[in-house]
Amino acid sequence: MPIPEPAIIARGVHRRFGAVAALAGVDFEMAPNEVVLLLGPNGAGKTTLLRCLAGLIRPTHGSVRVLGHDLARNPSARGALGLLSHHAQVYDDLTPRENLQFAAALHGITAPEAHITRALAAVALTDRADQPVRGFSRGLLQRLAIARATLHDPPVLLLDEPFTGLDSPAADALRTRIAHERAAGRAILCVTHDPRELWDLATRVVVLVAGQVRLDVARPANLDAFRDDYARLLAA
Amino acid sequence: MPIPEPAIIARGVHRRFGAVAALAGVDFEMAPNEVVLLLGPNGAGKTTLLRCLAGLIRPTHGSVRVLGHDLARNPSARGALGLLSHHAQVYDDLTPRENLQFAAALHGITAPEAHITRALAAVALTDRADQPVRGFSRGLLQRLAIARATLHDPPVLLLDEPFTGLDSPAADALRTRIAHERAAGRAILCVTHDPRELWDLATRVVVLVAGQVRLDVARPANLDAFRDDYARLLAA
Amino acid sequence: MSVLRPALAIAVKDLRIEWRHRTALLTATVFAVLVLLIFVFSRDAGSVSLATIAPSVLWVALALASLVALNRAFLLEREHSALDGILLTPAPRAALFWGKWLANLVFVLVVQAVAFPLWVLFFNVPASAALVLLAGVAVLTAIGFTAVGTVFSAMAVRTRFAELLLPVLLLPFMIPPVFFATQFTVRLLSDRPAGELWGWIRLLLLYDVVFLMVATLLFPVVVDE
Amino acid sequence: MSVLRPALAIAVKDLRIEWRHRTALLTATVFAVLVLLIFVFSRDAGSVSLATIAPSVLWVALALASLVALNRAFLLEREHSALDGILLTPAPRAALFWGKWLANLVFVLVVQAVAFPLWVLFFNVPASAALVLLAGVAVLTAIGFTAVGTVFSAMAVRTRFAELLLPVLLLPFMIPPVFFATQFTVRLLSDRPAGELWGWIRLLLLYDVVFLMVATLLFPVVVDE
Amino acid sequence: MTPDVAAANRRIRRGLVITAIGLVGLAALYVLALEYTPTERFQGLAQKIYYVHPPGAYAMQLAFTVVGIVSALYLWLRDERLDHVAEASAEVGLVFAVLTLVTGPIWGKPVWGAWWTWDSRLTFTLIEFLLFAGYFALRSAMHDRFDRARYSAVVGTMALLLVPFNHLTVYLYNTTHPKPIVMQTSKPALPDEMLGTFLVGLAVFTVLYVGFVMTRYGIGVRRAMQEAAHA
Ligand code: HEM
Ligand SMILES: Nc1ncnc2c1ncn2[C@@H]1O[C@H](COP(=O)(O)OP(=O)(O)OP(=O)(O)O)[C@@H](O)[C@H]1O
Ligand SMILES: Nc1ncnc2c1ncn2[C@@H]1O[C@H](COP(=O)(O)OP(=O)(O)OP(=O)(O)O)[C@@H](O)[C@H]1O
Ligand SMILES: [Mg+2]
Ligand SMILES: [Mg+2]
């Protein structure tokens, strides 16, 4: 299906690390106001794909575009994107608030205070906002990472296993958040191993296996049916 | 309920980090052949409790026993316990096989090779067994961590969010593994945020909130009903 | 996006983290003094007078202390791979360089500010106007060290054992300025004509200009893949 | 559980990791050599002859290089908090100390084995039987450094300032052996009677014995909570 | 306010009282030194430093020795109060070390014409000073209270064992510094008034040391209490 004005384009993306071919020719597009679930076995290349799209690493071959920009070559356009990775990207010696203030400064957000307070409230970190991050529990750290990655309301969001370590209230909050973003016409690409986490909000499902797209369909109606197909796909 | 010859005993366990009271008087017991789900919001103290039981940190007050030993004071008894923590506890520069060989040597496992090969197969790492761990994807690392933590088949297993990052086949494999361990009469304490992951195998559910046990019941029959109760408990 | 604002934000962030627990600063200075000491004790009092080794000791000590100081620069970007967090923002790469460099320079200057007077004290250097000149030279060396060091520590941090790799990369580049500075010091203390001194200062200036430029140019290559 | 087997396992593991890419080894050696060089350059050729500073330079260089080497020891236990993995096994704490110490010792000795001949070369020290004795003394210093260093690096690694803290804690403990060794060297090279030399060796031996014992006793306190 | 905090406050007050006594003693010492003690023939007034400088050095030695012993005891008994004592004594020791390291050169300049010489006692102080600077660097770098106590105890104990080696080092490293006179086995060469004043100096500084440590100890304990009560 041809998509009008795509938010993300990946064309024939290859990426190898030494002997390992993490990505072996990924072709993928997504439009704004899509919520794409990116599934795939461990080591399939999901994280690598996200890092390529974000411009943190360059494809060995192929090209990536986010809102028409190659972020690796064109840093000034990076504000368009938010990446929630496996790492929190914060400083242990600063408090959550200070970490967000720093991020805000780099994003050139003007008058950030109100903004930051809201972001902290959104992940229920208000009461920990002024304690140093060092010693935060895994889930608290993940919440801060979410606030950090989405602070500048980017039109394109890449989420790598965003529900990791979140307790159920926090997970629900994140789902609501994603629902809003979707309504606001953002493009959201979310890596997960448990499609249940975001099934109802997803518009499309993409399965990556061994660095290649094996399945790219509009979200099926029936989750259980899909999970059987998925299991069969991986077994093959 | 009085339990015969408990595998784990925690009596009035307090643990404070600076101003934060991570554990505020935890009383908890579990028998062999129990599978206990440990639930609780982020920052409730679950990881801290596991680390206290494993003897990695000492309670500020209170006492812990694993098969009758305080592991912090009595290292030689530590073989009785396996801890799968948030960190993989492996060396990036060694291969999975080398990492397990090292662990085997420290556990005094004799003739480990066959043992190790089996452990690697159990987590489907056989084909990566001889590549350095550096650059492993999150899920692959988690699988290695599982193999590492359970290499010496300890009678007591502490699992901290063991399903993190695992793809569905790996998660299923882990569940089967836990089922076997349970059948073999092992005591398994498993921290999770999504009770669905291990509901059918669990024999008991314990909820920790703000460093105290708020709920300690035999596993309810109805998961959805329980999740509502749990939500209400956290909301309170 | 402007360079200045993010650059300042980065420098302020670094210095704030250091300031939070002055451990790094304290240790770097104590380290400098200890290097002074270990020299004194590793010399044979019989044959080598303190005056003769004073210049070498000063510059070697300052060089090693800067090394230690530079190490921390990118180490704190490593935990939770915070560096990615910076690279994901539209802040220009130049801003990252200038910010890091500024923080490093301040840090090294503070260390020097403590170590230098102690050197004067321990080696009984005659207090005179010459010392002001010497302090100026110290600043010049600091500028050069930190320019090169900022680039290298950004490289080193991507590797395991960054703290070990940095010295090897950086020390060769420290040899020329250390050499110039020592020669300058020797002549200054045996008060030779200003003409002789000026030559060495010019060399230091040259080094600083060249490597500041090169560093600014190459830095983006290092941080961007 | 026996101490020997896990101790060896730990030492072998460390050395194997090191051998895999030799980063730290290379670094420490290059570091030692560069320190030698920086001295040659930072001295005032006019007034200071190489021969007079040769002893100092040797020992300062070796001390600083060992510092670099020791830093490595517990850094590799930090990623993925592998140290917890060790502490969770029944292996006795003493085994951890002996294993780490052994690895560190081997490591430092290798560095010395490279740096020492180069020193002889650069400072054209007359090659003679005396050098064998000197090498022996180098081993003695290495034993002391690594004993204390193993304990301190186990502590420093628990902080964010490992690479800064270790030198500051360790250097004061390095001063006596460095001093003894220098005195020994000076006398050896100006071939004094054996009696004079022997005294310094005895002091080094005393230092080694004392701190090996203390380190073994205190190490468990550091790793166990 | 918990009873412990109250106790801590009481200890602080007692410490301050003793400190006050010490300060009065110090004033008295100076009256004594300036009024009733003959001015030394060669050094003139400079020699008056003699009544604070060696005592300062002595108090520093005392402080760091206490740190060492208390640290060793902590490793044995694991009593948190011992850690507070160590912290207090180390901090006070640093203060006296600075005093010695400042008065020493002030004295050295007129007497030797040099601010600093690599004399054994000077150098020894300096090394001890740096050793304990490292000790504090470690303390400040540790986040967990228990780890901090354990680690600093280890360093403190090892520092105590290093002392003899440092002494050896600095003494073998040829000394230009006056040999201790008071400690000589033969009758002290000092005029009796000087000796008397000198001994008063030692007493005064001992009192000051005790006062400081008590106060600082109380503060340390209270801090810990409040931290605990906080949660
Ligand atoms: C830190 C730099 C120091 C300087 C510049 C210094 C200087 C001096 C001077 C000028 C004197 C007078 C010597 C005389 O009577 O002609 C003196 C005496 C003394 N100093 Fe120091 N001192 C220093 C450190 C120390 C230290 C660390 C100690 C003790 C560990 C110490 C202990 C003494 C003692 C006991 C005396 C009196 C015995 C005597 O008069 O010879 N000094 N010092
Ligand atoms: N920096 C690296 N160095 C070497 N190999 C790497 C690196 N990063 C990724 N790889 C390899 O590339 C492949 C894909 O890794 P990636 O992290 O993208 O997988 P993933 O789909 O995110 O897996 P997971 O579901 O476990 O997170 C894996 O085989 C991994 O080992
Ligand atoms: N080393 C530490 N230093 C300071 N505070 C700590 C430390 N470890 C844990 N804490 C605090 O103790 C509390 C409990 O932490 P813990 O990791 O046990 O929570 P948790 O139940 O595992 O949370 P999560 O579900 O997010 O993993 C948290 O408030 C955390 O900030
Ligand atoms: Mg991934
Ligand atoms: Mg946890």
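For the numbers below, each heavy atom of this structure counts, side chains included, while hydrogens, waters and symmetry mates do not. Chain A is the first sequence line, chain B the second, and so forth, proteins listed ahead of strands; every chain is numbered from 1.
Heavy atoms of E:Leu162 lying under 4.5 Å from chain D belong to its backbone as well as its side chain. For a residue to count as touching a neighbouring chain, one of its non-hydrogen atoms must lie under 4.5 Å from one of that chain's; by this rule E:Leu131 touches chain D with backbone and side chain alike.
Counting heavy-atom pairs under 4.5 Å between each of E:Leu168, E:Leu130, E:Leu75, E:Leu138 and chain D puts E:Leu138 at the top. Ranking D:Val151, D:Leu165, D:Val148 against chain E, the residue ahead of the rest is D:Leu165, based on heavy-atom pairs under 4.5 Å.
Interatomic distance, CZ of D:Arg158 versus CZ of E:Arg148, reported as 14.5 Å (0.5 Å rounding). Considering CG of E:Leu126 and CD1 of D:Ile175, their distance stands at 8.0 Å, rounded to 0.5 Å.
For residues 200-209 of chain D, a heavy-atom distance under 4.5 Å to chain E picks out D:Trp200, D:Leu203, D:Leu206, D:Tyr207, given by residue number.
You'll find the side chain of D:Leu169 stays beyond 4.5 Å of the side chain of E:Tyr135, heavy atoms only. The side-chain heavy atoms of D:Met155 and E:Asp147, taken from C-beta on, include no pair separated by under 4.5 Å. Side-chain contact between D:Phe180 and E:Phe165 is present, with at least one heavy-atom pair separated by less than 4.5 Å.
The heavy-atom pair separating D:Ala154 from E:Tyr151 by the smallest distance is O-OH, 4.4 Å. Among all heavy-atom pairs drawn from D:Phe173 and E:Met158, the shortest one is CE2-O, 3.6 Å.
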Ignoring hydrogens and angles, write down the donor-acceptor pairs under 3.5 Å from the side chains of residues 210-223 of chain D, residues two or more places apart or on other chains.
from, atom 1, to, atom 2, distance (Å)
D:Thr216, OG1, D:Leu212, O, 2.4

